[in-house]
Amino acid sequence: MEYNFLDIEKKWQAYWAKNKTYQVNIDPSKPKYYVLDMFPYPSGAGLHVGHPLGYIASDIYSRFKRLQGFNVLHPMGYDAFGLPAEQYAIQTGQHPATTTEKNIARYREQMDRIGFSYDWSREVRTCDPEYYKWTQWAFLKMFGHWYNKQTQKAEPIDSLVAKFETEGNANVDAACGDVEVFTADQWRSFDKKVQSDILMKYRIAYQGETSVNWCPALGTVLANDEVKEGFSVRGGHPVEQKKMKQWQLRVSAYAERLLSDLEELDWTDSLKEMQRNWIGKSQGAEMIFKVSNGTQEYDVTIFTTRADTVFGVTFMVLAPESEWVELLTTPEQKGAVEEYLQKAKKKTERERMAETKKVTGVFSGSYGINPLTGEKVPVWISEYVLAGYGTGAIMAVPAHDSRDYAFAKHFDLPIVPLIEGCDISEESFDAKEGFMCNSGFLNGMTVAEAIPAAIDRVEEMGIGKRKVNYRLRDAIFSRQRYWGEPFPVYFQDGVATPMPESELPLELPQVDKFLPTEAGEPPLARAKDWKYDGFPIEMSTMPGFAGSSAYYLRYMDPHNSEALVSKEADEYWRNVDLYIGGTEHATGHLIYSRFWNKFLYDLGYVCEKEPFKKLINQGMIQGRSNFVYRIKNTNTFVSYGLKDQYDTTEIHVDVNIVDHDRLDMEAFRNWMPDFANAEFILEDGEYICGWAVEKMSKSMFNVVNPDNVCNDYGADTLRMYEMFLGPLEQSKPWDTKGIDGVHRFLRKLWRLYFKGDEYLVKDQKGTPAEMKVLHKLIKKVQTDIEAFSFNTSVSAFMIAINELSELKCCSKEVLEQIVILLSPFAPHISEELWEALGHQESVTFASFPKYVEGYTVEDTFDYPVSFNGKMRFKLTLSKSLSPKEVEAAVLADGNTAKYLAGGSVKKVIVVPSKIINIVC
RNA sequence: GCUCGAGUGGUGGAAUAGGUAGACACGCAGGACUUAAAAUCCUGUGGACAGCAAUGUCCGUACGGGUUCGAUUCCCGUCUCGAGCACCA
């Protein structure tokens, strides 16, 4: 029997499906382990070789954990709502559900060929009404709750209303928008609309006017993490700032918990750091400056992290969008200010970013009073102050802040140094070091001492207090699109009202077109009868991250129609033990999901406060592109080595018609009509292509399809090769030519069991030499898998199989365990060999072998030797030598001695009071 | 600009509580078996120098320093690449 991978893989994939080998159920007698992949968005292009990398790693780990006796939950599903399907629908008129369905079928087919051990009975799709029912349900819960800062958790909105009715809102410490203080009597006197507007400012899911990232080309708003450098992540269209009324999630309320709970997570430092930066905690103080516009005085609150520099304030700055601007602009400055505001408003986000170094601003006409010095300072308006951070107003200290410095230089404002000996002639001194000067009672202190001292004084004076600010903003939750979850909310006389939970799911309505209406309303405005009880239903839909925020919970209990997840399932599976996916979700999905989980935790629906215990970011697999070189204005192509002798253009060539960088010239002529008559200038009779590592994409003609690899080499080879390529977390280029080595390994393995039709395995014990190879391998594979170092374990397999081949190993005892060890990596061939060894049941249900320490250690001999009568050494030798010989070796040359005793020892290294290596 | 991470043969990459640098694999070169090819197997393969040879010597982990008997590994500085954030007061 030859190693016929095509038949073998087909056979076992069918077997697993038929026997439901990987279906799991709650089993309290076994420890659980939950391994999750970030579910894919099923795009029309299908999977390329890079996509399954993480899935293969998680599959290996899942299979490993099963062998160790864990009850492993390893599900898969589809993040199926999203822009590409909708854009395709706009172009073709096809319903997004149709294309999505088709793409999912294709993904499934491709995944099945690789032999994953998913429990497909638990599959979820975010676009399935039975699934998004629970997305909508969570939204309703968020709508029905507020965040109590005193208890640091979400509480029902009814409890808030009860408080308002009895004592007003003065003692309510909530994460909320700007609300005036009112008494219980006032509250009761408000009409329904006013009450509803006030409550809206407290809700965790709320509707509010805010500056949003508006993408005209896509006709929708986008979240901060969906925008990169002023362009949409999907499609790369320009994005501008616009004020709009939008649904939002009060993620900011959870900022502190999202930050502090990072500590207990087993994530990479870099990923935690990214989240910390995104949350952006900064400790400082708020301070009140009296500001007068000549006729009236106002209290303007500013935020600063450098309270110590208050003696160096020479001006103040307001954000253009700040509400103070209108109040503080004097009649004389009105014209200039308005002109400036107009200009600033017109700029897109992109332009603002491109001009960050350009200093712009305008004087308001008002003056503020420095509360500590009593000095009068001018109040300016400038774009460099952001309305959305802090209070939208700052005290400017040009000597110690580079932005203030640039502004002061540009508008010729005074600069007062506050730190002894600092040089501020060319740039500001931003470092927090040195001793204070020109600073009244702070003089002589270090910066570290002065900051708290200054805040203490400000608090004593009652003109400010300590304050922590976060950069994390609330998530904008509506999208003006069709292909997403509808909001289960309708508007009764302008009051947003939640639908009853019994109405869920609120299904997406049919529409004639997927475009916004001519009036600029979202596509849902096209739906007939988009009404509830005669009232209009919200027309935007939820963003992509809505459906992906709690999918890991749904896998625990995917068919439950009564709850997102039953108590029993939640308490058994708890949370994800191992999560594998790309780093691109660091500040999006992984923040939202944590927020969502914490919210449900507050409400008691889930029992763990963090969703993903351990997280690994797999690297990207890049493409390896090939090039041909066309001599300009001809149809002649010159080989790589000779291209410098001509004036050439580099052209991407399909990697599938190139083998080992040698071009198949006939295939090239047939590839595209343009090249039908191509002529070649060869070196040594071959056309050699150039190459480069680039992103794997259609336009670079470097896409390698996993189906082709499975056809040519088999899924087991693909799986092992992807792991062999390099460390999981590292980006690395795909290069098909290296795959032969892994394939050869599998064939060599096969030949240990079969030679032609002859079955070689004998029912006998392993020899000591064979047992040593086996147990070293067991130890290596186990520690490597536990450390996610899959590339080195593949190497270890290769070495072990080479050694066993050399030993002509035919022991059933040894070869059986080899199969178990290999089964996480190459499940198909393992099943086949396992069956050949006489087992009825799948190798999935075997147990992971235990190594015996005695077999895994080198043969060593310890010699206590004293040297120079002073030092004492312990030598570890790999060959037996007499103490005399060893002593001679050490004495031969003090520290680095050389000893040639019959060729058994080459080098002796002696380290005082340490172990010494002797190499044979 | 700030914050992380990384730089090792022709290629992908091994090896760090400091101890034979280049495991394993690809590629390349040579050989065996074949009419031939495929497949398989064997040998060599960082660089320089010396030798008929076994072998030996020196240089080598981005660059420059430091600690150490000993540094790819630890420390300081420089350069390059990658990722993230970016007027966050």
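Chain letters run A, B, ... following the sequence lines, proteins first and then strands; every chain starts at 1. Just so it is clear, the structure is predicted and the values come from calculations on it, not from any experiment.
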- Item | Side chains of A/Y405 and A/D430, donor plus acceptor under 3.5 Å | no

- From CD of A/Q622 across to C1' of B/G12 the rounded distance in Å is 12 Å

- Item | Nearest-nucleotide pick for A/R747, side chain only, options being B/A25, B/A39, B/G13 | B/A39

- Query: Does B/G13 have OP1 or OP2 sitting under 4.0 Å from an N or O in the side chain of A/Q730?
  - Reply: yes

- In terms of the nearest nucleotide of RNA chain B, which residue is placed more toward the 5' end: A/A393 or A/V794? A/V794

- Query: Any ion pair linking A/E694 and A/R624 (charged N to carboxylate O, less than 4.0 Å)?
  - Reply: no

- Side-chain N,O (A/R471) to OP1/OP2 (B/A86) below 4.0 Å: yes

- Message: Please determine whether a side-chain nitrogen of the Lys or Arg among A/E758 and A/K755 lies less than 4.0 Å from a carboxylate oxygen of the Asp or Glu.
- Response: no

- Message: When both hydrogen-bonding distances must be under 3.5 Å and the geometry is Watson-Crick or G-U wobble, what is B/A32 paired with, if anything?
- Response: B/U40

- Query: Out of B/C24, B/U3, B/A89, which nucleotide sits closest to the side chain of A/I799?
  - Reply: B/C24

- Query: So, A/T792 versus A/S789: side-chain donor-acceptor pair below 3.5 Å or not?
  - Reply: yes

- Using the C1' atom as the reference point in each nucleotide, state the distance between B/U67 and B/G9 in Å, no decimals. 29 Å

- Can you check the A/N802 CG to B/U43 P distance for me, whole Å? 11 Å

- Query: The side chain of A/K737 lies closest to which of these nucleotides: B/G27, B/C85, B/A25?
  - Reply: B/G27

- Query: Between the side chains of A/T360 and A/Y340, is a donor N or O closer than 3.5 angstrom to an acceptor N or O?
  - Reply: yes

- Under the rule syn = chi within 90° of 0, otherwise anti, which is B/G27? anti

- Item | Separation between the C1' atoms of B/U80 and B/A62, rounded to whole Å | 8 Å

- If B/G19 has a Watson-Crick or G-U wobble mate with both distances under 3.5 Å, name it; if not, just say none. B/C69

- Note on the structure: Here the distance between atom C1' of B/U40 and atom NE2 of A/H743, to the nearest Å, is 13 Å

- Query: Would you call the rings of A/H589 and A/H585 parallel, tilted or perpendicular, where under 30° means parallel and over 60° means perpendicular?
  - Reply: perpendicular

- Note on the structure: Separation of B/C26 atom P from A/D735 atom CG, nearest Å, is 12 Å

- Among B/C26, B/C41, B/A14, find the nucleotide with the atom closest to the side chain of A/R751. B/C41

- Query: For B/G1, what is the paired nucleotide under Watson-Crick or G-U wobble rules, both distances under 3.5 Å?
  - Reply: B/C85

- Item | Residue A/T305, side-chain heavy atoms: nucleotide from B/C24, B/A89, B/A83 that is nearest | B/A89

- Any A/Y389 side-chain N or O less than 4.0 Å from OP1/OP2 of B/A89: yes

- What is the distance from CH2 of A/W734 to P of B/G13, rounded to the nearest Å? 14 Å

- Would you say A/K695 has more than 12 foreign heavy atoms packed within less than 6.0 Å of its NZ? no

- Task: Check whether any side-chain nitrogen or oxygen of A/R744 sits under 4.0 Å from OP1 or OP2 of B/C41, and answer yes or no.
- Result: no

- Task: Classify the side-chain pair A/Y389/A/S282 by whether it contains a donor and acceptor separated by less than 3.5 Å.
- Result: yes

- Message: Side chain of A/M798 only, heavy atoms from C-beta on: which candidate in B/C24, B/C87, B/G13 is closest?
- Response: B/C24

- Return yes if a side-chain donor-acceptor contact under 3.5 Å exists between A/S428 and A/H400, otherwise no. no

- Query: In whole Å, what is the span from the CD1 atom of A/I621 to the C1' atom of B/U11?
  - Reply: 16 Å

- Message: Go nucleotide by nucleotide along RNA chain B from the 5' end; which of A/G390 and A/K748 gets its closest nucleotide reached first?
- Response: A/K748

- N/O (side chain, A/N277) to phosphate O (OP1/OP2, B/C4) under 4.0 Å: no

- Describe the nucleic acid contact of A/D784 in one word from base, sugar-phosphate, nothing, applying a heavy-atom distance below 4.0 Å. nothing

- Mate of B/C58 across any strand shown (Watson-Crick or G-U wobble, both atom pairs under 3.5 Å) is B/G47

- Message: Check this one for me: any side-chain N or O of A/N617 less than 4.0 Å away from OP1 or OP2 of B/C4?
- Response: no

- Query: Taking any strand in view, what nucleotide pairs with B/A6 in a Watson-Crick or G-U wobble way, both distances under 3.5 Å?
  - Reply: B/U80

- Task: Rounded to the nearest angstrom, tell me the gap between atom OH in A/Y713 and atom P in B/A25.
- Result: 17 Å

- Query: What interatomic distance, in whole Å, is found between P of B/G56 and the corresponding atom of B/G5?
  - Reply: 42 Å

- Task: Measure the distance from CG on A/L53 to P on B/G12 and round it to the nearest whole Å.
- Result: 17 Å

- Message: Using the side-chain heavy atoms of A/M274, tell me which of these nucleotides is nearest: B/A39, B/U3, B/A83.
- Response: B/A83

- Query: Can you tell me the Watson-Crick or wobble partner of B/C24, both distances under 3.5 angstrom?
  - Reply: B/G12

- Message: Between B/C41 and B/A48, how far apart are the two C1' atoms, rounded to whole Å?
- Response: 33 Å

- Message: Distance check, P atoms only: B/A86 and B/G19, in whole angstrom units.
- Response: 41 Å

- If you check every side-chain atom of A/F724, which of B/C87, B/G84, B/C24 has the closest atom? B/C24

- Message: Please give the distance between the P atoms of B/G18 and B/U57 as a whole number of Å.
- Response: 28 Å

- Task: May I ask you to verify if any side-chain N or O of A/S282 is less than 4.0 angstrom from the OP1 or OP2 atom of B/A89?
- Result: yes

- Message: Starting the side chain at C-beta, find the nucleotide from B/G13, B/A89, B/C87 nearest to A/I394.
- Response: B/A89

- With C1' as the reference atom in both, quote the distance from B/U61 to B/A21 in angstrom, rounded to an integer. 7 Å

- Task: Could you check whether A/R624 gets within reach of a base, just the sugar-phosphate, or nothing at all, counting any heavy atom under 4.0 Å?
- Result: nothing

- Query: What distance, rounded to whole Å, do you find between the two C1' atoms, one in B/C28 and one in B/G10?
  - Reply: 8 Å

- Message: Taking any heavy-atom pair under 4.0 Å as a contact, classify A/N791: base, sugar-phosphate, or nothing.
- Response: sugar-phosphate

